[in-house]
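See structure below.
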There are 2 protein chains.
Amino acid sequence: MTDRSVPPPADAGGAAEQTGVGGAAGAEPVTARGEAAGAEPVTARGEQTRKLILDTALRLFRERGYAQTTMRAVAKEAGVAVGNAYYYFGSKEHLIQEFYAETLVEHRGRAARVLATETDFAERLRGVLHAGVDTMTPSHEFAATFFKTAAEPTSPLSPFSAESSPTREASIALFREALTGSTAKVDPELRDELPELLWLAYMGVILYWVYDRSADQTKTRALINGVVPLIDRLVGLSRLRVLRPVTRDVLGLIRTLRQ
Amino acid sequence: MTDRSVPPPADAGGAAEQTGVGGAAGAEPVTARGEAAGAEPVTARGEQTRKLILDTALRLFRERGYAQTTMRAVAKEAGVAVGNAYYYFGSKEHLIQEFYAETLVEHRGRAARVLATETDFAERLRGVLHAGVDTMTPSHEFAATFFKTAAEPTSPLSPFSAESSPTREASIALFREALTGSTAKVDPELRDELPELLWLAYMGVILYWVYDRSADQTKTRALINGVVPLIDRLVGLSRLRVLRPVTRDVLGLIRTLRQ
DNA sequence: CTCGGAAGTTGAACGTGTTCGACACGGCGG
DNA sequence: CCGCCGTGTCGAACACGTTCAACTTCCGAG
């Protein structure tokens, strides 16, 4: 109903049953490449230290920004030695991977509200997108400074990387659900590919959001509200005879380009 | 004619007369903000030293990659002190701005070939896009390593930053020329905005190119060849009565979002 | 010719992320 | 009880980008 936000879930953890992916995303510590990823705690004490360092780091990131937060400061604030942080986290960047996971869980929780009640495709999509922005809003400044890290193709933090795969798939699942749970009639050929395309559009929204300097990122909200009807109309039009070849061309191109 | 490349210009410097922007892009040393930009050489000796440092840096970047190239290494290889490099270039990142400028000049030279002979819009656009990729191809690996730096919103290297403005405008001018020099009939409302949109699409192509791991970036070529007809068709369709409101919506949205 | 000052140049020093060899803890087999 | 060894912890040390106060070069006004 509102033009903007989706309220946060009362309990983010309890909202996971909505998606088919479930808890797989939040708890995948083992990296694809065994190198430089930091050790996994075995003891209870280790678990505690790890959590202490992580919480301290994320708090400082949000308070002072990513670049302004020193690993030494994190260590000092957490009351441990610098080397200890590197025992659990392969690098400063690796601390951010946790941030992704946390963000996804909250996004899922917020999106569940809309997905449970609404049936109109455009409205569902709008809800999921706004929910994503809602989730990230408190970290806007912080996100902008570390965004560059995620952009590097070879970085494990890249949304396209193998290391981000679980989180990415879970995120795509959100858009799949927005589609399948709706009353929208879609070209069957398009139906399978669309969720990934919507996720891609979401990445575009995030890209815009990161650069958005308007107060409270109002423009990003306008982007969402403006682009959703367009997508909705386009998806509807895709079944028209006239546009059939275009649809087919687009799908063909996408299949070719998928890496 | 060819499916791919546009041959390099015999003399990159001589091809500038094609655009309306002319030499403004290559020689705009003064930054919008006076801070941290490095000094401008006044004497001939200074000019020489600056060029020496820049050439050495770009060579090492291409040879070893951006991150692997130390400022100390650049200085040593150029036979000067570290501080000297910082006298001319505000930071390591500022060395890349120069790379942008060089790339633009060569892009312009390559594109001029197609723009001088072809009149079909799609073909002109295709030519400009391929020319851009041709220009960057030798630096593909290097580009991937520094790309993350350019992605950060606050970085002067961001293609959207004020500091990149001259280069960006010159680049947009290329697409404006691709349009105005063609026989394409475009919705007059769209005509003014389209070049910037095409440039945005070009940024998208570059984004894909940076991530493209296929041999010789074949997929990026496929992306261009596939997406150009789509754009061409869309532009043509924009004049249709049925799509008029959509066109208007898109334009309205874009005007709102322009920062 | 002289010499003042702008332009150019130097390299040590600072704060950063990260590494690494050494040390402390704690439970378990003997 | 002892010694062992894997887990956890430490902090000095390294290489990096960057800064800056001091120095050198050299042109042109007097």
Side-chain angles (χ1 to χ4, degrees), chain A residues 29 31 34-54 56-57 60-61 64-97 145-146 148-149 152 155-157, chain B residues 29-30 34-54 56-57 60-61 64-97 145-146 148-150 152 154-157:
Chain A
T31 56
E35 48 173 356
E40 211 50 37
V42 176
T43 15
R45 179 166 66 115
E47 194 71 54
Q48 197 175 342
T49 307
R50 191 193 132 96
K51 182 168 163 41
L52 174 65
I53 293 171
L54 178 58
T56 306
L60 291 186
F61 286 167
R64 317 178 182 177
Y66 179 71
Q68 284 68 43
T69 301
T70 301
M71 287 300 277
R72 284 170 178 81
V74 171
K76 189 172 186 179
E77 189 83 4
V80 300
V82 214
N84 203 357
Y86 281 92
Y87 180 74
Y88 293 107
F89 304 94
S91 72
K92 192 180 175 185
E93 299 187 3
H94 275 81
L95 282 163
I96 298 182
Q97 203 105 36
T145 64
F146 88 74
K148 67 164 189 177
T149 307
E152 193 190 18
S155 165
L157 280 151
Chain B
V30 180
E35 48 174 355
E40 211 50 37
V42 176
T43 50
R45 179 168 65 117
E47 195 71 56
Q48 196 175 344
T49 307
R50 190 192 133 96
K51 182 167 162 41
L52 173 64
I53 292 170
L54 178 59
T56 307
L60 291 186
F61 286 166
R64 317 178 182 176
Y66 179 71
Q68 283 70 41
T69 301
T70 301
M71 287 301 278
R72 283 171 178 81
V74 171
K76 190 172 186 180
E77 189 83 6
V80 300
V82 216
N84 204 358
Y86 281 91
Y87 180 74
Y88 292 106
F89 304 95
S91 73
K92 190 182 177 185
E93 301 188 359
H94 276 80
L95 282 163
I96 297 184
Q97 202 101 37
T145 67
F146 88 74
K148 68 163 188 177
T149 310
E152 193 189 17
T154 64
S155 166
L157 281 158

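All values below were derived from every heavy atom in this structure, side-chain atoms included, with hydrogens, water molecules and symmetry-related copies excluded.
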* **Given DNA chain C, 5'-ward residue of the pair A/G83 and B/A81, judged by closest heavy atom** => B/A81
* Asked: Starting at OH of B/Y87 and ending at P of C/dA7, how long is that distance when rounded to a whole Å?
  -> 7 Å
* To do: Check whether any side-chain N or O of A/T70 sits under 3.5 Å from a backbone N or O of A/A73 as a donor-acceptor pair, and report yes or no.
  => no
* Asked: Between CZ of B/F61 and CG of B/L54, what distance do you get to the nearest 0.5 Å?
  -> 9.0 Å
* Asked: What pairs with B/L52 under side-chain contact (heavy atoms from CB on, under 4.5 Å), at least two apart in sequence or on another chain?
  -> B/T56, B/A78
* Side chains of B/Y66 and B/I96: closer than 4.5 Å at any heavy-atom pair? -> yes
* **Residues in salt bridge (charged side-chain N to carboxylate O under 4.0 Å, His left out) contact with A/E77, at least two apart in sequence or another chain** => A/R59
* Asked: With A/K51, which residues qualify under side chain to side chain donor-acceptor pair (under 3.5 Å), at least two apart?
  -> A/D55
What nitrogen or oxygen pairs link the protein and nucleotides 13-17 of chain C at under 3.5 Å?
| unit_1 | atom_1 | unit_2 | atom_2 | d |
| --- | --- | --- | --- | --- |
| C/dT16 | OP1 | A/T70 | OG1 | 3.3 |
| C/dG17 | OP1 | A/T69 | O | 3.4 |
| C/dG17 | OP1 | A/K92 | NZ | 2.9 |
| C/dG17 | OP2 | A/M71 | N | 3.1 |
| C/dG17 | N7 | A/R72 | NH1 | 2.8 |
| C/dG17 | O6 | A/R72 | NH2 | 2.8 |

* With sugar-phosphate meaning primed atoms plus P, OP1 and OP2, does A/V82 contact a base, only sugar-phosphate, or nothing at under 4.0 Å between heavy atoms? -> base
* To do: Give the angle between the helix axes at the two ends of the helix from C/dC1-D/dG30 to C/dG30-D/dC1, taking five base pairs at each end and rounding to 10°.
  => 30°
* **Nearest-angstrom distance from the residue atom NE2 of B/H94 to P of D/dG17** => 16 Å
* Does any residue of residues 42-54 of chain A have a heavy atom under 4.0 Å from DNA chain C, and if so, which ones, in number order? -> none
* To do: Evaluate the side-chain proximity of B/Q97 to B/F89: yes if any heavy-atom separation is below 4.5 Å, no if none is.
  => no
* Who are the side-chain contact (heavy atoms from CB on, under 4.5 Å) partners of A/A75, not counting sequence neighbours? -> A/V80
* Please identify each residue that fulfils ring pair (Phe, Tyr, Trp, His ring centres under 6.0 Å) with B/Y88, with sequence neighbours left out. => none
* Asked: Is the distance from OP1 or OP2 of D/dG8 to the nearest side-chain N or O of A/N84 less than 4.0 Å?
  -> no
* Whole-Å gap separating P (D/dG17) and CG (B/L95) -> 11 Å
* Asked: Between A/M71 and A/L95, is any pair of side-chain heavy atoms under 4.5 Å apart?
  -> yes
* Is a side-chain donor or acceptor of B/S91 paired with a backbone partner of B/E93 at a separation under 3.5 angstrom? -> yes
